[in-house]
Amino acid sequence: MKPAPFNLFRPRSLDEALGLLESYSDEAKVLAGGQSLVPLMNFRLAQPHNLIDLNGVEGLDKITIDDRILTLGAMVRQRDVERSPLIAERLPILREAIEQVAHPAIRNRGTVGGSLVHADPAAELPLLSIALDAIFHLRSSRQSRSVAARDFYQGYLITDIAPDEILVEIDFSLPPVGCGGCCTEIARRHGDFAIVAAAALLDFGRDGSVNFARVALGGVGPAPLRAAAAEEALMGMKAGPELYRRAGDAAGKAVDPPADIHASAAYRRHLTGVLVRRALATAASRVKGRA
Ligand SMILES: Cc1cc2nc3c(=O)[nH]c(=O)nc-3n(C[C@H](O)[C@H](O)[C@H](O)COP(=O)(O)OP(=O)(O)OC[C@H]3O[C@@H](n4cnc5c(N)ncnc54)[C@H](O)[C@@H]3O)c2cc1C
């Protein structure tokens, strides 16, 4: 199918884009990589009268990193994250997550901001934003504001972004240096959205007990979430396979996943336990200085 007719605007600056968005408000959508929006328009599930193309807006595609924070401009392509040596070195879990997003052709166009705002509950970038306590920086003609990832995701494809706001950049907090991480998932075919996805970050103290744990899940609810029960089970405990199994079990018990044509709720719950255990074991094997 073809999309319904629309007007296309190509602003060159953020202020121009924000002005257009304010003028057209509910009647407009911003276009980033188009990898989610254009299919929705082609199926006429989305029919914006005005499309504001962010691809010519300067300054939204920067990648910067310091000791504590990785900042990605909203228009950074997923493929650029995947290929960034800085990210590979300091935050390899992000690269591992993005490698599981669709296929290279889609990642060449798809943007970080587009994926975060589209908010598919099984998508890898929203999952990582939850695991890494990301902060989303939003702008409108009225104001600038920042929202924590845990507050940004409010329901199935529902986020805390107003019709006149643009996501400008995202801060991902960096885990401790030497910390191990893993993002893993089960999908029906390579490149499909995950049925369930798990991201884990782990670090140990000198005595071998866990002193840093982050576990996040995608595909088990209307929005990605932190597996608080698993994190609690891990903190302060002696690391090892039995602990990862217990944390996986705790995560599986705590979720209330949906059933759909891809999987039953029981299967998703089972996958949660298995994937959390696997993600933790792999993350542990990647902690610097350990086998
Ligand atoms: C076949 C296929 C398989 C896929 N598989 C996966 C997968 O396995 N995992 C995965 O995570 N994704 C997958 N995707 C989606 C892909 O990652 C998209 O690139 C992503 O969801 C949207 O990014 P985009 O830049 O293309 O955004 P667009 O499609 O341009 O926009 C998506 C939505 O976000 C809004 N938006 C975009 N940027 C901004 C901004 N800066 N501020 C405010 N609003 C904004 C748009 O208005 C729109 O509502 C798949 C897509 C396809 C076509």
Side-chain angles (χ1 to χ4, degrees), residues 3 6 8-9 11 14 17-18 20-22 24-43 45-57 59-62 72-82 94 96-130 136-140 144-145 147 152-153 157-170 183-197 199 218-219 223-224 262:
F6 58 88
L8 179 66
F9 297 92
L14 184 58
L18 290 171
L20 285 162
L21 209 46
E22 186 185 28
Y24 295 110
S25 191
D26 282 351
E27 305 247 292
K29 278 241 160 238
V30 300
L31 174 72
Q35 299 302 300
S36 295
L37 182 56
V38 171
L40 288 174
M41 289 172 65
N42 285 344
F43 284 116
L45 294 169
Q47 298 193 17
H49 295 305
N50 302 290
L51 212 52
I52 300 165
D53 183 355
L54 296 183
N55 286 276
V57 173
L60 294 181
D61 59 354
K62 294 197 171 66
L72 299 179
M75 287 298 288
V76 169
R77 305 285 165 189
Q78 295 160 7
R79 192 72 162 161
D80 291 333
V81 174
E82 190 181 343
L94 187 56
E96 183 174 51
I98 290 214
E99 283 170 346
Q100 296 171 73
V101 174
H103 304 281
I106 290 163
R107 301 198 293 268
N108 281 339
R109 291 297 303 166
T111 64
V112 170
S115 174
L116 291 172
V117 174
H118 183 65
D120 190 292
E124 290 79 2
L125 274 162
L127 172 70
L128 265 285
S129 76
I130 291 285
F136 293 19
H137 300 289
L138 304 163
R139 282 268 313 269
S140 68
S144 299
R145 66 188 182 105
V147 182
F152 188 73
Y153 293 105
L157 303 182
I158 300 170
T159 65
D160 177 19
I161 189 166
D164 65 345
E165 283 182 317
I166 290 178
L167 174 62
V168 175
E169 60 183 21
I170 309 96
C183 179
T184 187
E185 64 186 45
I186 296 287
R188 288 179 75 87
R189 295 171 307 186
H190 172 73
D192 280 6
F193 276 99
I195 294 175
V196 174
H262 302 298

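Just so you know, ligand 1 is whichever comes first in the structure, and atom 1 is the first atom listed for that ligand.
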Any donor-acceptor N/O pair, R77 side chain to G110 backbone, under 3.5 Å:
no
Give a yes or no on whether R145 atom CZ has more than 12 heavy-atom contacts from other residues, nucleotides or ligands under 6.0 Å away.
yes
Strictly distance-based, threshold 3.5 Å: is any side-chain N or O of R107 a donor or acceptor partner for the main-chain N or O of V101?
yes
Tell me, do D53 and F9 make a side-chain contact under 4.5 Å, heavy atoms counted?
no
Between Y24 and K29 (side chain of the first, backbone of the second, donor and acceptor by atom type, cut-off under 3.5 Å), is there such a pair?
no
For S115, the atoms of ligand 1 under 4.0 Å from one of its heavy atoms are 20 (C), 21 (O), 22 (C), 23 (O)
Protein heavy atom at shortest distance from atom 24 (P) of ligand 1:
G33 N, 3.5 Å
Any donor-acceptor N/O pair, Q100 side chain to C183 backbone, under 3.5 Å:
yes
Is L125 close to ligand 1, meaning an N/O of one under 3.5 Å from an N/O of the other?
no
Any salt bridge between D192 and R189, counting N to O under 4.0 Å?
yes
Distance-only N or O hit between ligand 1 and L37, under 3.5 Å:
yes
Closer than 4.0 Å to some heavy atom of G191 - which atoms of ligand 1 meet that?
5 (N), 8 (O)
Below 4.0 Å from ligand 1: does a non-hydrogen atom of P39 turn up there or not?
no
Which residue holds the protein heavy atom closest to atom 49 (O) of ligand 1, what is that atom called, and what is the gap in Å?
K29 NZ, 3.3 Å
Heavy-atom gap D120 to ligand 1 smaller than 4.0 Å
no
Please list, in number order, the atoms of ligand 1 under 4.0 Å from a heavy atom of Q35.
18 (C), 19 (O), 26 (O), 29 (O), 51 (C), 53 (C)
May I ask you to identify, for D192, whether its side chain, its backbone, both or neither come under 4.0 Å of ligand 1 on a heavy-atom basis?
backbone
Atom 42 (N) of ligand 1: nearest protein contact (heavy atom, Å):
L167 N, 2.9 Å
The answer for which part of R107 has a heavy atom under 4.0 Å from ligand 1 is neither
What do you reckon, does R109 have a nitrogen or oxygen under 3.5 Å from a nitrogen or oxygen of ligand 1?
no
Looking at side-chain heavy atoms only, is the closest gap between E99 and E124 below 4.5 Å?
no
For I106, which part has a heavy atom under 4.0 Å from ligand 1: side chain, backbone, both, or neither?
side chain
Among all protein heavy atoms in this structure, tell me which lies nearest to atom 38 (N) of ligand 1, with the distance rounded to 0.1 Å.
A32 CB, 3.4 Å
Compare every heavy atom of L14 with every heavy atom of V168, then report the nearest pair and how far apart it is.
CG2-CD2, 3.9 Å
Would you mind reporting whether Y153 and V147 have side-chain heavy atoms less than 4.5 Å apart?
no
Return a yes/no value for L31: is any of its N or O atoms, backbone included, closer than 3.5 angstrom to an N or O of ligand 1?
no
Quick one: does ligand 1 sit under 4.0 Å from the side chain of I161, the backbone, both or neither, non-hydrogen atoms only?
side chain
Exactly one of L21, V57, L31, I166 should register a side-chain contact (heavy atoms from CB on, under 4.5 Å) with I52. Which one does?
L21
Which residue holds the protein heavy atom closest to atom 45 (C) of ligand 1, what is that atom called, and what is the gap in Å?
V30 CG2, 3.3 Å
For residues L72 and L94, determine if any side-chain heavy atom of one lies less than 4.5 Å from a side-chain heavy atom of the other.
yes
What residue and atom, counting heavy atoms only, is the protein's closest point to atom 25 (O) of ligand 1, and at what distance?
T111 OG1, 2.6 Å
Which atoms of ligand 1 sit under 4.0 Å from any heavy atom of A74?
41 (N)
Salt bridge (charged side-chain N to carboxylate O under 4.0 Å, His left out) filter on R139, not counting sequence neighbours, yields D15
Which protein non-hydrogen atom lies closest to atom 9 (N) of ligand 1, naming both residue and atom, and how far is it?
E124 OE1, 2.8 Å
Please report which non-hydrogen protein atom sits nearest to atom 21 (O) of ligand 1, along with the residue it belongs to and the distance in Å to one decimal place.
S36 OG, 2.8 Å
Could you tell me the separation between the CG atom of D120 and the CG atom of L127, rounded to the nearest 0.5 Å?
11.5 Å
Taking the minimum heavy-atom distance to atom 4 (C) of ligand 1, which of A102, P126, G110 ranks first?
A102
Between A162, G114, P163, which one has a non-hydrogen atom sitting closest to atom 37 (C) of ligand 1?
G114
Are any side-chain N or O atoms of E165 and backbone N or O atoms of A162, one a donor and one an acceptor, separated by less than 3.5 Å?
yes
Geometric N/O contact E165 with ligand 1, under 3.5 angstrom
no
